Every structure is written in C-alpha cells, then in structure tokens.
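Okay, structure first, notes after.
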Amino acid sequence: MARVLIGGFMHEVHTFVDGVLTLDDLRRNGFIASGDEILSPEIGSGQEIHGARDVALAAGVELVPSRMAFGGVGPRIADAAFAHLRDGILDVARREAGRLDGVYLNLHGASATETEDDPEGALLDAVRRIVGPEVPIVASFDLHVHMTDRMVAAADALIAYRTIPHVDYLETGQRAMHLLLDAMAGRTHPVVRQRKIRMMASAERHDTNHGPMVDVMAKARELETRPGILAVSVTPTQPWMDVAELGWSVTVVADGDPALAQAAADEVAWMLWDRRERFLVEKTPVADAVRMAIAHEGRPVILADGSDSPSAGGNGDGNDLLRELLRVGYVGDALLTVVDPAAAAACVAAGLGATVTVTVGGAITRETYTPVSVTGEVITLRDGRYTTELPVRPMDIGPTAVLRIGGIRLVVSTRKAFQLDASIYHQAGLDPERAAIVLVKSAGGFRGVYEPFASLIIEMETPGPCTHDLTTLPFRRIPRPLWPWDRDLAEPWAGARRPEVAGG
Ligand SMILES: [Zn+2]
C-alpha cells in the first residue's frame, strides 16, 4: 500500500500590522492539530486537506498525518511558533523516511515569520532534503500565494485555488492529490515553472467572476486541456506584504517538459500585464455611499470596507461607516461589526437588556481610527465560539455583544473574524439578507456569499491597513521596478519578449 505524508499550515501575513503571532494567537485564530486529529471533523471540513484525504483514501493510499494549522491572517509569526508548526511535519517525515511514496502539503503560501519571508519555501526545501529527490512532493496554495523560486525548486507540482472569492478549497485538495498519485504511479513526470511579473494590485479586482481576471482564468483552463500541461495557476499575491520577491506569478505544471511549462506561464503572464490598468480600483467616499444606500429601494445594500478587512490582515476595528450613519441621523436598520475588547467587556459586565455608553473603534489601529461614543441596548451576548460557513472551520472571537443603537445593530467582538461569509452575523442571531444596510469588512472575498442576495454592493473609500492604494503604504523591501509604483514600466520582467502570435 502506497503511503503519503499529509500536513501543512495556513497563515497569511500582513507586514504593516503591529505585533508577532505566538502559538496561542495562532490557536485562537483557528487551530493547530497533530497526528490523526488533522483529519478529524473537529478542525472542520471542506478544506483542501479533506479533498486530498478523500481522493487518497478512495485510491487505497495510506495517509501518514503530521501537523496541520490554520492561523488566519495577521502580522508575522514568531520564529519559535513557526518552528513548532514546521517540526510537527519534519519530525514525521524523518521518522517515516524511506517508507514514504509521496508528500502532500496544504499551504497558504503567503506567510512570513520574524526572520523568514518564505517559510513555506523553507518547509518544502526541508521536506525535500529528508525524503530525497525521488519521492514526489505536491503542495496546494491559496490563490494569494507569494510564490518563490525556492518553492518551485523544491516541489514536483504546485497548484492554487482557481477562484476569488475562494470557493474551491475541496476541489483544490482533490486536484493536488490526483497530481501526486499520478506522479507516484509514474503516469506523469511533473515539472514546475513560474513566471514572476513585476506587478501588484490590491484584492478588489482579483475577482475571478467579474472584470479583467475572467478571460485570464479562461485562458488558464484552456491551456490545461492542451497535451502535456497538467495545471496552470494564476496567483495575484497577497498585496500587503513588504518582501523582496513580491510580484504576481503564473505557475505551470507540465508533464516532463519544462519549456512547455515556461511558455504557457509566459503566455498567461502577458495577459495579466496587458490588463494591468484594469486591476486598479476607484471607490466611493463613505458619505456618498451612505447617501446612495439610503436612497436605494432594494435591500440589502452591502457596504464593503476593504481597508479594514480581517481576512486581508486588518484588525476589524474601523468605524467610519458607523460614524457617518450616526452623523446623518440614519433611522433605518443596519448591521455593522467592530472589534473592541473593552467595549465588548463593558457590554458583558452590564448584562443583557442593559443600556450602556461605550466608545467603539480605533481600539487597535489607533493611528487610523478615532473612537466613537455610542449609547445602546445590549440585546445579545455570545461567547464568540462558532463555526465559519465557507469553509467550515472553528472560530473564537471572544466575548461578543450585539448593541442596538436605534435601528443599528452593532456586533462588538473581542477579536476579529474573517467576513468571507455571513457567519459573524449569523452567530449573533442576525440575518443580513433581511437588513437594509449591511457592513462587510472584506475587499472582495465576501462576494461569493453576499452577491447572490445583495440588491446593491458599494465599495467604500475608507482608511486602513488594507487600503487599495498600495503606493501610499510604507513598502521598503519590494523589488523595483514594480508596477504601479513604477507606473511607466515597459517590461513585465527582465528581458521579456512578447510571444509571436501563430499565423500573425
Ligand atoms: Zn486568498
């Protein structure tokens, strides 16, 4: 029976938010699991690792579980915490060395530690050194992977999600395991090549359902039908990381033909480059967004605050929309969220039904947001433990209250939650489908869940660490030239030559 080591870790860094994540922080953000527990229902379902597991078990493969962690998005990981995640995988690889037929790692790909800008590359490289050159290694990534040459050199095949908003977690794991099993059986001889592009853009227009990404993804899918091409991944990197290899990437896995892989990667890379100006975004000032939302007849109107997006690394403590709704004396109903540990504690201390006056917002991102004083009724109290809906994962945002301020119901939580689905509202007993105005702190990832029922979506121009205007952030280590910092840049990579069009 063939044996496959399985494990991984998911953490996405935002290098402009303060702090360093410890193991306890990572646990609170998600989970750290070892051994058989990494495949158990307690850590969720519908993730890449579960798709990979299903394919492996159906093929009669024995899985050798190591360590798996989900650590959310935030500042760099402490070196010691990363060592714990890494060693849980490497220790099993060492123990099983010589008795493994393949390795599958479920990674995000845009993590960083205190001293390491490419921990996934370091991990893949270390696994390769242990298992040797003959054992296939396949890794799957988030589409916001910061792909590095070290990852490409260490692995036999690398693939990423195909969707933004991300909805293909399970399928990505399935595809990765199929690639691995084919390589293990000698049916394919995968080789990987990437093309790094000198461009970056914030998350809003990464959307694979609308705008410039649609025909690029269609091209990637078409290339995958060509003989010899096994997988094409288009990866617009996590934008808010200040590292030396930053840039978008196209990664292609081909069957034994590196030149074919490189040519396909370059073809897609040119498409991205030619569309670069369309990836820039213009947003609506908050006052205008509120006016438009109030005037709009249908409901709900979704007001997206991408700059404070927890799933991009923001702290969730922005309050610009709340301030504006209060300023204009809005009397309709609205659902909002804010992270504010002191306000949440005050609501808990006051108790259900109590009327409290607290300040909310700016509790963490003090240089950007100013606290707002509100008086409201505590209508709900929760312990903040719930399960997210897409994908299914445990979440713990600490003591959480719903404060009713006129028609506004404000979810005040102790810690932040991803807002890629509506579970932050559902866990508090609120239904965003029935509200008039709903705040979502996400740049674009929310659309998978919210778009089907939204009457109108407005992207608000708000301040915050995940601002769409990357050139306003204090990047220091990124490679230059890099678009849009170097707006007139002519070459998408050094020595780039546009491929000749067949027949033309
Ligand atoms: Zn992502």
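One-based numbering, in listed order, for ligands and for the atoms of each. Sequence positions, counted from 1, serve as the residue numbers for this chain. These numbers come from a predicted model, not from an experiment. Side-chain atoms are counted along with the backbone in the values below, which use heavy atoms only and exclude waters and symmetry mates.
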(request) Measure centre to centre between the rings of Phe9 and Phe82, then say whether the value is under 6.0 Å. (result)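 Yes, ring centres under 6.0 Å apart.
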
(request) Output yes if His166 passes the N/O/S-under-2.8 Å test against the Zn ion (ligand 1); output no otherwise. (result)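 Yes, since at least one N, O or S atom of His166 sits under 2.8 Å from the Zn ion (ligand 1).
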
(request) Anything under 30° is parallel, anything over 60° is perpendicular, the rest tilted; go ahead and classify Phe16 against His14. (result) perpendicular

(request) Output all residues satisfying ring-ring contact (aromatic ring centres under 6.0 Å, His included) with Phe446, sequence neighbours left out; order by chain, then residue number. (result)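 With neighbours one apart ignored, the set is empty.
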
(request) Output all residues satisfying ring-ring contact (aromatic ring centres under 6.0 Å, His included) with His206, sequence neighbours left out; order by chain, then residue number. (result) His144, Trp248

(message) Tell me which N, O or S atom from Asp142 is the closest to the Zn ion (ligand 1).
(response) OD1

(message) Looking only at N, O or S atoms in His144, which is nearest to the Zn ion (ligand 1)?
(response)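 Answer by atom name: ND1.
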
